[in-house]
Amino acid sequence: MTHKFIHDRENCISCGACAAINGIKWKMNKEDGKADLIIENITNDEFELDMETAESCPVNVIHINDENKKKLI
Ligand code: SF4
């Protein structure tokens, strides 16, 4: 199973929640202040934290697709 993060970066409001929760996969960009997705792949072990990360985004610009590209969030 390979789920993937999808980031609608254009609409990121630079709140920092994703990077605070999941600093390995999300980092704040020092140039424009928006979040950068560092690792898009999601293993089974990582799924719970990665889903929490997506849910933490106040403007819902973090999505997760399953292996069939079906949007889960
Ligand atoms: S949680 Fe959402 S709005 Fe906040 S920095 Fe991350 S992607 Fe941007």
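When a ligand or atom number is given, it counts from 1 through the structure's own listing order. Predicted model only: the values in this text are computed from it and were never measured.
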- Message: Could you tell me if the side chain of Ile62 sits less than 4.5 Å from the side chain of Asn60, heavy atoms only?
- Response: no

- Query: Would a hydrophobic clustering, with Ile, Leu, Val, Met, Phe, Trp and Tyr connected at side-chain separations under 4.5 Å, put Ile24 with Trp26?
  - Reply: no

- Task: Would you kindly confirm whether Leu72 and Leu37 end up in one hydrophobic cluster when ILVMFWY residues are joined by side chain heavy atoms under 4.5 Å apart?
- Result: yes

- Message: Just to be sure I read this right, does ligand 1 sit under 4.0 Å from the backbone of Arg9, its side chain, both, or neither, counting only heavy atoms?
- Response: neither

- Message: Tell me whether Asp66 contacts the main-chain N or O of Asn68 through its side chain, where contact means a donor paired with an acceptor under 3.5 Å.
- Response: yes

- Note on the structure: for atom 5 (S) of ligand 1, nearest protein heavy atom and its distance come out as Gly16 N, 3.3 Å

- atom 8 (Fe) of ligand 1 - nearest protein heavy atom and its distance: Cys12 SG, 2.3 Å

- Query: Is it the case that Asn41 and Lys4 place a side-chain donor and acceptor less than 3.5 Å from each other?
  - Reply: yes

- Message: Rounded at 0.5 Å granularity, tell me how far CD in Glu52 sits from CD1 in Ile73.
- Response: 11.0 Å

- Any heavy atom of Ser56 sitting closer than 4.0 Å to ligand 1? no

- Note on the structure: The atoms of ligand 1 lying under 4.0 Å from a heavy atom of Val61, numbered in the order shown, are 2 (Fe), 7 (S)

- Note on the structure: When distances are taken from atom 7 (S) of ligand 1, the protein heavy atom at minimum range is His7 NE2, 3.3 Å

- Taking non-hydrogen atoms only, is Met28 closer than 4.0 angstrom to ligand 1 via side chain, backbone, both or neither? side chain

- Distance from atom 2 (Fe) of ligand 1 to nearest protein heavy atom, with residue and atom: Cys57 SG, 2.4 Å

- With heavy atoms of Ile13 as the reference, note each atom of ligand 1 found under 4.0 Å away. 3 (S), 8 (Fe)

- Query: Hey, quick one: are Ile21 and Phe5 part of the same hydrophobic cluster, counting side-chain heavy atoms closer than 4.5 Å, chains of contacts allowed?
  - Reply: no

- Query: Do any N/O/S atoms of Cys15 come under 2.8 Å of atom 4 (Fe) of ligand 1?
  - Reply: yes

- Starting from atom 6 (Fe) of ligand 1, which protein heavy atom do you reach first, and at what distance in Å? Cys18 SG, 2.3 Å

- Message: Does any part of the side chain of Ile42, heavy atoms only, come nearer than 4.5 Å to the side chain of Lys25, both counted from C-beta?
- Response: yes

- Query: Taking only heavy atoms of Val59, which atoms of ligand 1 are found under 4.0 Å from at least one of them?
  - Reply: 3 (S)

